[in-house]
Amino acid sequence: DAGITQSPRHKVTETGTPVTLRCHQTENHRYMYWYRQDPGHGLRLIHYSYGVKDTDKGEVSDGYSVSRSKTEDFLLTLESATSSQTSVYFCAISETEYGYTFGSGTRLTVV
Amino acid sequence: DQQVKQNSPSLSVQEGRISILNCDYTNSMFDYFLWYKKYPAEGPTFLISISSIKDKNEDGRFTVFLNKSAKHLSLHIVPSQPGDSAVYFCAASAPGGANNLFFGTGTRLTVIP
């Protein structure tokens, strides 16, 4: 979607390897979020950011870390990928507490 | 603990008929409710919202109803069209803070031509 891009769109990685997903926005929005979507669970928050270098944990943060060194970029890192982290990952941005704009997602497969 | 629940994982409706998607919530502090629509291989997109001070909001074929006493909201689509086939997520927001939007598990709507 215009204003928010995720990369890569697809990735296959091996168990135990580190993986970094990138979210880039051009909207200068303050808030950025990483979600994962799994069948039967909907969208679950992993980590979020409320400003440069300001991040916090969400509902399912174990095994994930994030960094936000610039307003426009929010990185999600899987320190040592496991099969349970096979999922579709969505980044979202927001300027207020209402109404998020989502990226197109990254489909990650851990084999 | 799921604060926003969509108990119907799927729904099938004939084209031209009404689709009703339901959502229940447990947190009485929620003051804003949203519906998102998601097509395969795309991110969720905002569809319609309602503030807790209202009980109905309408936008074209889409209407959201809010029953605060029952902690229940529903999305009505009339008439349903094949292009409406998607996964619909209900979300609820509490005031204040950055981590305050909670999603349901989604309902897959299939509109049969």
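Predicted model, so just to flag it, every value in this text is computed and none were measured. Letters go in sequence order (proteins before strands), and every chain restarts at 1.
- When all heavy atoms of B/Phe89 and A/Gly42 are compared, the pair lying nearest together is CE2-CA, 3.8 Å.
- Atom CD of B/Gln2 and atom CD of A/Glu59 lie 7.0 Å apart (nearest 0.5 Å).
- Side chain of B/Tyr36 to main chain of A/Tyr100: a donor-acceptor pair is present (N/O by atom type, distance under 3.5 Å, no hydrogens or angles).
- For CZ of B/Arg61, the number of neighbouring non-hydrogen atoms (other residues, nucleotides, ligands) closer than 6.0 Å is greater than 12.
- Using a 4.5 Å cut-off between heavy atoms, A/Arg44 does not touch chain B at all.
- Residue pairs meeting the salt bridge (charged side-chain N to carboxylate O under 4.0 Å, His left out) criterion with at least one partner in residues 101-113 of chain B, sequence neighbours excluded, are absent.
- Considering all non-hydrogen atoms of both residues, B/Thr105 and A/Gly40 come closest at CG2-O, 3.5 Å.
- Expressed to the nearest 0.5 Å, how far OH of A/Tyr48 lies from CG of B/Leu101 amounts to 12.5 Å.
- Grouping the Ile, Leu, Val, Met, Phe, Trp and Tyr side chains by contacts below 4.5 angstrom, directly or via other members, places B/Ile48 with B/Tyr88.
- Here disulfide bond (SG atoms under 2.5 Å apart) pairs that include residues 10-64 of chain B, with residues two or more places apart or in two chains, are B/Cys23-B/Cys90.
- Put simply, A/Leu78 and A/Leu75 are part of two different groups of oily side chains (I, L, V, M, F, W, Y) that touch within less than 4.5 Å, one to the next.
- Rounding to the nearest 0.5 angstrom, the gap separating the OH atom in A/Tyr35 from the CZ atom in B/Phe103 is 4.5 Å.
- For chain B, the nearby part of A/Gln37 is the side chain; its heavy atoms alone come within less than 4.5 Å.
- By the rule that hydrophobic residues join a cluster once side-chain heavy atoms approach within less than 4.5 Å of another member, A/Phe102 and A/Tyr50 end up as members of one cluster.
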